[in-house]
2 protein chains.
Amino acid sequence: MATTKKRSECPISCSLDVWGDKWSLLIIRDLMLSKQCTYGDFLKSEEKIATNILAARLLMLEENSIISKLNHPDSKAKVLYKLTQKGIDLLPLMIEINLWADKYSTLPAERKAIVEEIKKDKEGFIKTQTKELKKVIL
Amino acid sequence: MATTKKRSECPISCSLDVWGDKWSLLIIRDLMLSKQCTYGDFLKSEEKIATNILAARLLMLEENSIISKLNHPDSKAKVLYKLTQKGIDLLPLMIEINLWADKYSTLPAERKAIVEEIKKDKEGFIKTQTKELKKVIL
DNA sequence: TATTTGTACTTGCAAAACGCAAGCAAATTT
DNA sequence: AAATTTGCTTGCGTTTTGCAAGTACAAATA
């Protein structure tokens with residue numbers, strides 16, 4: 001089991017107990033950018049997560065209801081992962097990370113474009129993106 | 001040296017390279033709640049960080065300009081840690097974590113009170129708190 | 001002034017987590 | 001039927017963590 005003991009009742013601490021490692025938020029990032037990913041899609045990401053670590057994180061995130069599996073429409077061999085509502089609700093947090101990083105470092109062009117869009121209308125971006133991500137749930 | 005190699009240019013990944021572990025955001029939380037902390041103050045926190053881990057994280061956060069040291073007014077033996085502007089700018093992120101945790105779990109009463117205040121006027125809360133935290137810089 | 005206490009760390013070591021490579025079973029393609 | 005793809009698991013060496021003890025210096029106490 002990937003279920004860990006809580007260190008305290010603090011909301012920050014409890015949140016970190018779930019996704020506070022070097023990889024979980026990158027998995028969630030991939031799902032926010034791609035809506036749905038296969039196991040292989042995650043492995044293709046730039047940061048090159050190890051396959052055993054990926055399996056462990058996916059299990060952890062699923063146990064904590066942040067992601068869920070669904071059948072791939074084309075093939076039984078493939079598994080699709082998507083964000084649950086709880087996972088989608090991490091979008092504002094993800095946005096703030098991007099804004100912070102934008103303030104203190106140089107972003108790659110394609111990410112910079114997204115951040116500029118967010119800066120223009122943060123609430124609008126969240127609403128639109130949330131709607132897009134929710135479509136996948138159905 | 002605590003300086004690690006970047007895994008990619010992704011803003012999420014780069015941010016996680018700096019504070020994406022189980023302890024850094026708890027240190028930052030303590031500084032946001034208390035404005036200034038000594039080494040001993042951090043050790044007193046509920047989560048009971050190990051002293052060697054604390055020293056390593058404080059160094060990492062200082063190297064990345066998120067916190068800085070200052071002389072304690074009363075004693076040469078004591079060291080005060082505070083957030084830099086870069087650290088203070090993590091406040092919106094910290095707030096979103098609290099809001100997310102509030103949505104999916106039960107917060108301790110004193111933290112719940114803060115979250116309710118945030119919900120009433122998020123921007124106002126950020127402005128006020130930022131101003132409070134900046135005072136310590138001077 | 002000598003001694004004890006407080007504060008900020010460092011060190012040693014066992015345990016856990018990580019990272020890489022290889023392996024494996026079921027599904028799919030050729 | 002054989003080869004390939006896909007989603008994992010397993011082994012194993014390395015790194016990080018966590019706990020306990022130790023150290024150096026400042027400050028308080030006797």
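Note on naming: letters A, B, ... go to the chains in the order of the sequence lines (proteins, then strands), and numbering restarts at 1 for each one. Worth knowing before you read on, the calculation uses all heavy atoms, side chains too, and leaves out hydrogens, waters and symmetry mates.
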Check: Does Leu70(B) share a hydrophobic cluster with Leu83(B), counting links as ILVMFWY side-chain heavy atoms below 4.5 Å and allowing steps through other members?
Finding: no

(request) Mind checking Lys48(B) for me? I need base, sugar-phosphate or nothing, with any heavy atom below 4.0 Å counting as a touch. (result) nothing

With the side chain defined as heavy atoms from C-beta on, Arg57(B) is closest, among dA8(C), dG7(D), dT17(D), to dT17(D)

Does a nitrogen or oxygen in the side chain of Trp23(B) sit under 4.0 Å from OP1 or OP2 of dG18(D)?
-> yes

**Report entry** pair Leu93(B)-Leu99(A): side-chain heavy atoms closer than 4.5 Å
**Finding:** no

Determine: side-chain N/O of Lys22(A) to OP1/OP2 of dG19(C), distance under 4.0 Å, yes or no. no

Q.
Is there a side-chain contact between Tyr81(A) and the phosphate of dT6(D), meaning an N or O under 4.0 Å from OP1 or OP2?
A. no

Between CG of Leu16(A) and C1' of dT17(D) the distance, given in whole Å, is 16 Å

Set out, line by line, the N/O atom pairs under 3.5 Å between protein and nucleotides 20-24 of chain D.
none

Using a cutoff of under 3.5 Å, can you pull out all pairs of nitrogen or oxygen atoms linking the protein to nucleotides 25-27 of chain C, with atom names and distances?
{"unit_1": "dA27(C)", "atom_1": "O3'", "unit_2": "Ala77(A)", "atom_2": "N", "d": "3.3"}

Checking dC9(C), dC18(C), dC8(D) against the side chain of Ile53(A) (C-beta onward), the nearest is dC18(C)

Touch check for Phe42(A), heavy atoms < 4.0 angstrom, all strands: base, sugar-phosphate only, or nothing?
nothing

**Message:** Do Glu96(B) and Lys122(B) make a side-chain contact, defined as non-hydrogen atoms from C-beta onward lying under 4.5 Å apart?
**Reply:** yes

Sorted by chain and residue number, the side-chain hydrogen bond (donor to acceptor under 3.5 Å, both in side chains) partners of Ser68(B) (sequence neighbours excluded) come out as Lys82(B)

task: Take Ile12(B) and Arg111(A) through the side chain to side chain contact (heavy atoms under 4.5 Å, CB included) test and state the conclusion after the steps.
output: CA-CA 10 Å; Ile12(B) 304 295; Arg111(A) 299 299 289 280; 3.7 Å; yes

Would Ile88(A) and Leu80(A) show up in the same hydrophobic cluster when neighbours are defined by side-chain heavy atoms closer than 4.5 Å?
no

